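Okay, so here's the structure we're looking at.
Worth saying up front: this structure is predicted, and the values here are computed from it rather than measured. In what follows, chains are A, B, ... by sequence order, proteins preceding strands, each numbered from 1. These values consider heavy atoms only, across backbone and side chains, with no hydrogens, waters or symmetry-generated copies.
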There are 2 protein chains.
Amino acid sequence: MYSLAEENYLKAIYHLEQEAKGEVSTNAIADRMATKPSSVTDMIQKLADKKLLSYKRYKGALLTPEGRKIAAGVIRKHRLWEVFLVEKLDFHWDEVHEIAEQLEHVHSEKLISRLDQFLGNPDFDPHGDPIPDKHGNIKRTEKKLLSELDKKQRGVCVGVKESSSDFLQYLDKKKITIGTKILVLGKEFFDGSMVIQVGRDQFFISKKIAENLYVQTN
Amino acid sequence: MYSLAEENYLKAIYHLEQEAKGEVSTNAIADRMATKPSSVTDMIQKLADKKLLSYKRYKGALLTPEGRKIAAGVIRKHRLWEVFLVEKLDFHWDEVHEIAEQLEHVHSEKLISRLDQFLGNPDFDPHGDPIPDKHGNIKRTEKKLLSELDKKQRGVCVGVKESSSDFLQYLDKKKITIGTKILVLGKEFFDGSMVIQVGRDQFFISKKIAENLYVQTN
DNA sequence: ACCTATTTTTCGTCTTGGCTAAAAATATTA
DNA sequence: TAATATTTTTAGCCAAGACGAAAAATAGGT
Ligand SMILES: [Mn+2]
Ligand SMILES: [Mn+2]
Ligand SMILES: [Mn+2]
Ligand SMILES: [Mn+2]
């Protein structure tokens, strides 16, 4: 059984590995976890001793299969609890993350398998992120950022990259949620801004918005 | 926001106050928490500094209203989660306590009020223990131990004093659960053992069993 | 190749919540 | 009341996980 701190480090490193593809640096981990590099060094040495990641001084960290499995398990729990909060307790998708940060550390195989079943074995969390199965495998789907679409292309919103409250509330205001169809009416190459159509509404969005919305194109 | 350790101490002291009616001794707390008296002294001094209990050296501890409120809040969460596990996730009543010990420390007012609502605002947990309301008030009901009944008296099982797995599984084997009607056929004064009728079955129970089953007589 | 800036590690320290051993206070019993 | 037993507290120590300051390694620029 791993401690709360260990689980959080593994989770952060797992996410950073996805994003950066390769060794994860001490500073990157410190940034992500809002902690100091010296603390990170201590912890990755400890995790290396436990064979949860491989680490050579000054060379960054890489999860071992075991470390990856632990991390995926924590992420699985986080996302299942988020589904629970939204689907069963009627929470809004911008309110669930902080609570799931706590719930993800409850240790019980049986609890999580029963919860999974209770929720109907969902594949995605309320933000469109895939839920790892009990072995830690994730069903990766084809998705791109809205910002990658060109004029006249269509996409269906399948997820968000950021899930800050501010961003999610912006999306709500614009009536964009998972499953919403989006048509790119125009794209400005100078600043990456777009004009899009959502339902009957047409409006302007900044590059920053377009870079944080995942869409699927068929 | 209080730490996991602080919450567990407050909860233990709360329960000991109920049982013993009066100041709670250092040793009693240490026993209940499977820790050492010296550790208890440290913690109760810390809790006294925070005004969660009153404490004079060598005189034991008594929760302040604030301390009692925190403790009742933790117990409320514990019991609501137990209801969730049994009612929604089909756990057996002997499996839920350990998991609830973890879930009770998740901090979110909104989570617990939504959970309460989702469960239909239950008054009792799966072991028959009353669930405090959001202000920490408990609906106390008239109940006595089965061992207090005399020959020919009837009672309805409304709770268990112990909820160890062994005991609960024993009760299952004997088809006794919350709501079961029990008739005392005989009582041996020498050792406190009884012969009781449950449904169509008649059988012998030891004093230890009778002292851990709460019944209501009408 | 050398100097400098950046990143990472090391070292000493802090807080929380444990522990043991010894001292002090209280309770019991002769 | 005095001696003894029990309970409680104090004092010193430990491990986890954080921190800042200083040292070491690496990366970049010339
Ligand atoms: Mn989340
Ligand atoms: Mn999510
Ligand atoms: Mn319980
Ligand atoms: Mn219970």
Report, one line per pair, each donor and acceptor closer than 3.5 Å where one atom sits in a side chain of residues 21-35 of chain A; sequence neighbours left out.
{"from": "A:Ser25", "atom 1": "OG", "to": "A:Ala28", "atom 2": "N", "distance (Å)": "3.1"}
{"from": "A:Arg32", "atom 1": "NH2", "to": "A:Glu19", "atom 2": "OE1", "distance (Å)": "3.1"}
{"from": "A:Arg32", "atom 1": "NH2", "to": "A:Glu19", "atom 2": "OE2", "distance (Å)": "2.6"}

Worksheet item: Once each nucleotide of nucleotides 22-27 of chain C is scored for protein heavy atoms under 4.0 Å, what B/S/- sequence comes out, 5' to 3'?
Response: --BSS-

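For A:Asp90, the side-chain contact (heavy atoms from CB on, under 4.5 Å) partners two or more places apart in sequence, or in a different chain, are B:Arg114. B:Ser38 meets the side-chain hydrogen bond (donor to acceptor under 3.5 Å, both in side chains) test with no other residue; sequence neighbours excluded. Here A:Lys161 pairs with A:Leu145, A:Asn212, A:Tyr214 under the side-chain contact (heavy atoms from CB on, under 4.5 Å) rule; sequence neighbours left out. For A:Asp129, there are no salt bridge (charged side-chain N to carboxylate O under 4.0 Å, His left out) partners at least two apart in sequence or on another chain. In this structure A:Asp123 satisfies the side-chain contact (heavy atoms from CB on, under 4.5 Å) test together with A:Lys139, sequence neighbours excluded.
Rounded to an integer number of Å, the gap from NZ of A:Lys56 to P of D:dT26 is 13 Å. If you take CG of A:Leu4 and P of C:dT16, they are 17 Å apart, rounded to a whole angstrom.
Ring centroids of A:Tyr9 and A:Tyr14 are separated by 6.0 Å or more, keeping the two rings apart.
Nearest-nucleotide positions on DNA chain D place B:Ser25 closer to the 5' end than the other of B:Ser25 and A:Glu6.
Near DNA chain D, defined here as any heavy-atom distance below 4.0 Å, the residues from residues 26-45 of chain B are B:Thr26, B:Asn27, B:Pro37, B:Ser38, B:Thr41, B:Gln45, listed numerically.
Applying the ring-ring contact (aromatic ring centres under 6.0 Å, His included) test to every pair with at least one member in residues 89-134 of chain A, sequence neighbours left out, gives these pairs: A:His78-A:His97.
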